[in-house]
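Written out below as structure tokens is the structure these notes cover.
By convention in this document, chain letters (A, B, ...) are assigned in the order of the sequence lines, proteins followed by strands, and residues within each chain are numbered from 1. Predicted, not measured: the structure shown is a model, and the values here were computed from it. Below, all heavy atoms of this structure are taken into account, side chains as well, without hydrogens, waters or symmetry copies.
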Amino acid sequence: MTMRQNLLFWLLLAFTVATCAFLIVPIGLSLLAGVSANWQLGPSGGLTLRWIEEVWSLYSGTVVRSLVLAVACLIADLLLGVPLAYVLARHPSRRARAIEELIMLPVAVPGLATALALIILYGGWHQFRGSSSFILVGHVLFTLPFMVRSVLAVLASIDVKTLEEGAASLGAGPWRRLATVVLPNAKPGILAGSLMVVTLSVGEFNMTWMLHTPLTQTLPVGLADAYASMRLEIASAYTVVFLLMIVPLLILMQLAAPSAVSGTAARGGK
Amino acid sequence: MTPRDPALAIRLEGCAKTFADGTKALAPLDLAIGAGETLAFLGPSGCGKTTLLRLIAGLDSPDPGGRVWFDDKEVTPLPIERRQVGMVFQSYALFPNMTVAENIAYGLKVRGEPRDRRRTRVAELLAMMRIEALAGRAIDQLSGGQRQRVALARAIAPRPRLLLFDEPLTALDAKLREALRLEIDGLLRKLGTTAVYVTHDQAEAMALGDRIVVMNHGRIAQIGTPHEIYHHPADRFVAEFVGLMNHVSGEIRDGWLHCPAGRIPLDRETAAGQGEVMFRPETVCLAGTGETHLKGTLAASFFLGDRTRLLVDGIGEQSIVVDVVGPVDLPLGTPVPLRIQSPAMAAKGST
Ligand SMILES: Nc1ncnc2c1ncn2[C@@H]1O[C@H](COP(=O)(O)OP(=O)(O)O)[C@@H](O)[C@H]1O
Ligand SMILES: [Mg+2]
């Protein structure tokens, strides 16, 4: 019996390790390539920060642009998504369900198709077409549903309608209820949604690749450019820069909302 | 604000409610609630109790034409936050982002009470509900009974002129329900606030209500004191809803109902002819040596501790239910002589 359990334990452990390796090894190798003097020779060729310096001098603009876009995208999603989720939660009707499905559309449709639609709509407006705001519109379209869903899930799970009625019975008007009851209780959903939105925006490639111009490259688009036109080590060094950027961001937001993230995950599982 | 405002009288005029989806939840109705009175809304699930309560609260508005008055002020267009009511919800509706004390202080804060006055009042309520130890707790660390106590304290804290309860005890187990009911009863008596208490439990309505409004299908079936509702139900629905009721049909003549099993005294002069009478199980006893009104045979007997419930066949269409004090030791199938101790009611609208 214990033998059996032991065997099962080791099998499970091996499986877990294998899965982790499957996920991590490619990235690990890429990181290694980014700091190797010559990847042909492997790590024995010596380690260097030369490539990373080169990436920074060539592509620092894309890093800054991606960060600014992600923050702008987050602000837009907060301003649009939170009120939308609130309205949907307060008026659960067939029409509300339809709106919810509708805003999910850009997630279901391939990014390239959405990008094409945007180009058809705004392509003639050259000033806009050539600016980063054009990419921002695409990112907001793509990330908004994640914010709405995340906030909506939390609002639905706390029965926000009854809570507000409770607050109203104690004399609180609509704004006061919003500030003291609705938003504080929606906070886990807002934080989880924000985490999602920022990482999605920073990493978005499909749509951005269609929407960008040579002057409005984002980090992932620059990365593709580096793979296509530079030596492998430079592209890999770029990956190092990307991870250096996104990992602290992820950790930071995870720390800010530990219960939020696990909370929505648990609710999502139901 | 320190001396208590005089209690509020409520009046509803022609209040109906049709929901957006076309559901007619309430037929137009008038209702007056006296100052300081505790009124219980009683009826089966879906009969419109909550809807009527929400009209009074200001959480919903009546169909056009309906009007709600608080004393001589019309409040129909006012939302709940401008009506100075306190409400206790079935689901408690406590704020999960606040502690127990913060929940109780919420209404005081909204009204702009200064901090030290808030603190004194919260302490007073924590003591009144005997939940001092819970002051700093989060809501999700409380049991159902504790939550309901906090909800009560929160509703009472700003000294509302009207207290509304929507099945506040339904989610609790029987023993706790009984204890909290007694507590609410004491509280309402002490505060003297006008109160409306919604429940589908007749015992709860009887115990708490100065008067009871029995509702059925969006209409008021009867309004009366618990005594009137129980002993003089307006119709068969009310009679059946508040406790058990026996029905026997036969021929009415000279103040008696005559049937093959015997005769039953009537409580008032009733026109002669075919008819039906109703009487409660506890108004019947085993005749013993005294006068016998009815004869039947014992079909079943259940010992309930404080009394014994007998089912007697051969008198009405269905078995007659008889509650007698103490144990009964009779074999099934025995003939049982019965006496009706208080005159029976002639049933109106009998079929
Ligand atoms: N918001 C609503 N929309 C449509 N129908 C409703 C709504 N609220 C209640 N109803 C309906 O109105 C009737 C009365 O409901 P309610 O007042 O909640 O009954 P009770 O509290 O006595 O159980 C029910 O048939 C219910 O389904
Ligand atoms: Mg109800």
Note: vs chain A, highest number of non-hydrogen pairs under 4.5 angstrom among B:Arg54, B:Met98, B:Lys109 is B:Arg54
Most heavy-atom pairs under 4.5 Å with chain A, out of B:Ala93, B:Ala157, B:Pro96, belong to B:Pro96
Closest heavy-atom pair, B:Asn97 versus A:Pro184, reported as atoms and distance to 0.1 Å, is ND2-CB, 3.2 Å
Nearest heavy-atom contact between A:Ala172 and B:Val110 is N-CG1, 3.7 Å
task: Please test B:Phe95 against A:Leu170 for side chain to side chain contact (heavy atoms under 4.5 Å, CB included), starting from the C-alpha separation and ending with a verdict.
output: CA-CA 12 Å; B:Phe95 310 129; A:Leu170 294 160; 4.3 Å; yes
Checklist line | B:Arg83 side chain near A:Ser169 side chain, heavy-atom distance below 4.5 Å | finding: no
Extract all donor-acceptor atom pairs below 3.5 Å that involve side chains of residues 7-16 of chain A and protein atoms in other chains or at least two apart in sequence.
{"residue": "A:Thr16", "atom": "OG1", "partner": "A:Leu12", "partner atom": "O", "Å": "2.7"}

**Message:** As an exercise, state the distance from OH of B:Tyr92 to CG of A:Leu163, rounded to the nearest 0.5 Å.
**Reply:**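 Result: 14.0 Å between the selected atoms.
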message: Does either side chain, that of A:Thr180 or that of B:Tyr106, offer a donor lying less than 3.5 Å from an acceptor on the other one?
response: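 Short answer, yes.
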For A:Glu165 and B:Ile80, run side chain to side chain contact (heavy atoms under 4.5 Å, CB included): C-alpha distance rounded to whole Å, both residues' side-chain angles, the deciding distance at 0.1 Å, then the answer. CA-CA 8 Å; A:Glu165 288 182 347; B:Ile80 184 168; over 6 Å; no
Side chain to side chain contact (heavy atoms under 4.5 Å, CB included) between A:Arg177 and B:Glu81: does it pass, once the steps are laid out? CA-CA 11 Å; A:Arg177 302 200 291 265; B:Glu81 61 261 32; 3.4 Å; yes
So which part of B:Arg154 gets closer than 4.5 Å to some heavy atom of chain A, the side chain, the backbone, both or neither?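 Both backbone and side chain of B:Arg154 come within 4.5 Å of chain A.
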Whatever's closer than 4.5 Å to a heavy atom in chain A on B:Leu94 counts as backbone
What do you reckon, is CZ of B:Arg82 surrounded by more than 12 foreign heavy atoms closer than 6.0 Å?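 Counting neighbours around CZ of B:Arg82, 12 or fewer heavy atoms of other residues, nucleotides or ligands fall under 6.0 Å, so no.
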